[in-house]
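The next block holds one structure in the form of structure tokens; read it before the comments.
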Amino acid sequence: MNQLDLAGRHAVVTGGAAGLGLAITQRLLASGASVTWWDRDALAMTASAAALGQPVHSLQVDVSQHASVARAVQQTLAHHPRIDILVNCAGITGPNVKLWDYPPDDWLEVMQVNLNGLFYGCREVVPIMRSQNYGRIVNIASVAGKEGNPNASAYSASKAAVMALTKSLGKELADTGIRVNCVAPAAVKTAIFDQMSPEHIQFMLAKIPMGRFGEPQEVAAMVAWLCTEECSFSTGAVFDLSGGRATY
């Protein structure tokens, strides 16, 4: 593992108790950062924190609710004096069905978690970072946001919106010490696959020239670098982790 310098930095990772969020947490901790989880699954946080064997500050937070996120910011600051890093990792896939069959309630839930939750986190944390004149924000998008996966219209649309939000916020903060970027992985085999149909999983695999799914640690490595001071001239950018799938 390459050594990155995050000593003394404090990171908030949403959806940190499982999947990509957990792998990112492990890499941030190994690089010297302290981590706070915002996750709605209290049992998963307890189990994952015990497995890590390192201290993680855990808060039960529903990122889809603005009041929950605003409260989490105050609770976090009561425990840590700074928020240097925000990794917006919480997300859901929604059902794999045609758009004309897509249940409206499921559509709204995907947007509320994947897009609105990210907006709430950025909205509440950016003023803290501005007061410090330092921050790193990394948003988890998806190659589906570039290509639009069939039978995943809500997920694809939400991840395209994550990319656009990242570009807008990156430009708004470009004259500060805050950098805002996102990563766009192809399919990475985590528990989120449990939300997908076998047919959709096979479709995603067939699209990857490397012929395999990504590993959570591969995504975590890119995210961790984007959280460092060395990431100083990249902002509003999309970094692909697609095994050759991405074409632009």
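Not measured: the values here are computed from a predicted model.
- At distances below 3.5 Å, at least one donor-acceptor pair connects side-chain atoms of Ser156 with backbone N or O atoms of Asn149.
- The closest donor-acceptor contact from the side chain of Asn181 to the backbone of Val238 lies at 3.5 Å or more, if one exists at all.
- For the pair Ala154 and Tyr102, the tightest heavy-atom approach, listed with the atom from each and the gap, is CB-OH, 3.3 Å.
- Residues Val126 and Val162 share a hydrophobic cluster, clusters being chains of Ile/Leu/Val/Met/Phe/Trp/Tyr side chains in contact below 4.5 Å.
- Within the 3.5 Å criterion, the main-chain N or O of Tyr248 finds a donor-acceptor partner in the side chain of Lys146.
- Side-chain atoms of Asp240 and Ser242 include no donor-acceptor pair closer than 3.5 Å.
- Cluster annotation: Val35 and Val219 are assigned to the same hydrophobic cluster (Ile/Leu/Val/Met/Phe/Trp/Tyr, side-chain heavy-atom contacts under 4.5 Å, transitive).
- Of all heavy-atom pairs spanning Gly145 and Ala160, the tightest one is O-CB, 3.3 Å.
- Ring planes of His80 and His57: tilted class, angle from 30 to 60°.
- Residues Val125 and Val69 share a hydrophobic cluster, clusters being chains of Ile/Leu/Val/Met/Phe/Trp/Tyr side chains in contact below 4.5 Å.
- A side-chain donor-acceptor contact under 3.5 Å links Asp39 to the backbone of Ala17.
- With Ser68 contributing its side chain and Gln65 its backbone, the two residues share no donor-acceptor pair below 3.5 Å.
- With hydrogens and angles ignored, the 3.5 Å screen pairs a side-chain donor or acceptor of Thr14 with a backbone N or O of Ala90.
- Of the inter-residue distances, the one linking Leu115 atom CG with Ser158 atom OG reads 7.0 Å to the nearest 0.5 angstrom.
- Nearest approach of Cys89 to Leu20, heavy atoms of both residues: SG-CB, 3.7 Å.
- Side-chain heavy atoms closer than 4.5 Å link hydrophobic residues (I, L, V, M, F, W, Y) into clusters, and following such links, even through other members, never connects Leu99 to Leu108.
- Residues Glu229 and Arg136 come closest through the heavy atom pair O-NH2, 3.4 Å.
- No donor-acceptor distance shorter than 3.5 angstrom exists from the side chain of Ser48 to the backbone of Met45, with no hydrogens or angles considered.
- A donor-acceptor contact shorter than 3.5 Å links the side chain of Glu218 to the backbone of Glu215.
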**Request:** Mind running salt bridge (Lys or Arg N to Asp or Glu O under 4.0 Å) on Glu172 and Arg123 for me, showing each step along the way?
**Result:** CA-CA 12 Å; Glu172 291 170 0; Arg123 184 186 187 279; over 6 Å; no
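- Here the shortest heavy-atom pairing between Ile140 and Lys159 reads O-NZ, 2.9 Å.
- Checking Asn139 against Thr166 by side-chain atom types alone, a donor-acceptor pair falls below 3.5 Å.
- Listed for the Gln112 side chain is a donor-acceptor partner under 3.5 Å among the backbone atoms of Ser64.
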**Request:** Take Thr76 and Trp38 through the test side chain to side chain donor-acceptor pair (under 3.5 Å) and record every step on the way to the result.
**Result:** CA-CA 9 Å; Thr76 301; Trp38 293 356; 3.1 Å; yes
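- Side chain of Thr228 to backbone of Trp225: a donor-acceptor contact under 3.5 angstrom is found.
- Taking all atoms of both residues into account, the shortest heavy-atom contact from Met129 to Ile83 is CG-O, 3.7 Å.
- Taking the ring axis of Tyr134 as reference, the NZ or CZ atom of Arg179 does not stay both within 45° of it and closer than 6.0 Å to the ring centre.
- Screening Gln75, His79, His10 for a side-chain hydrogen bond (donor to acceptor under 3.5 Å, both in side chains) with Thr36, the sole residue that qualifies is His10.
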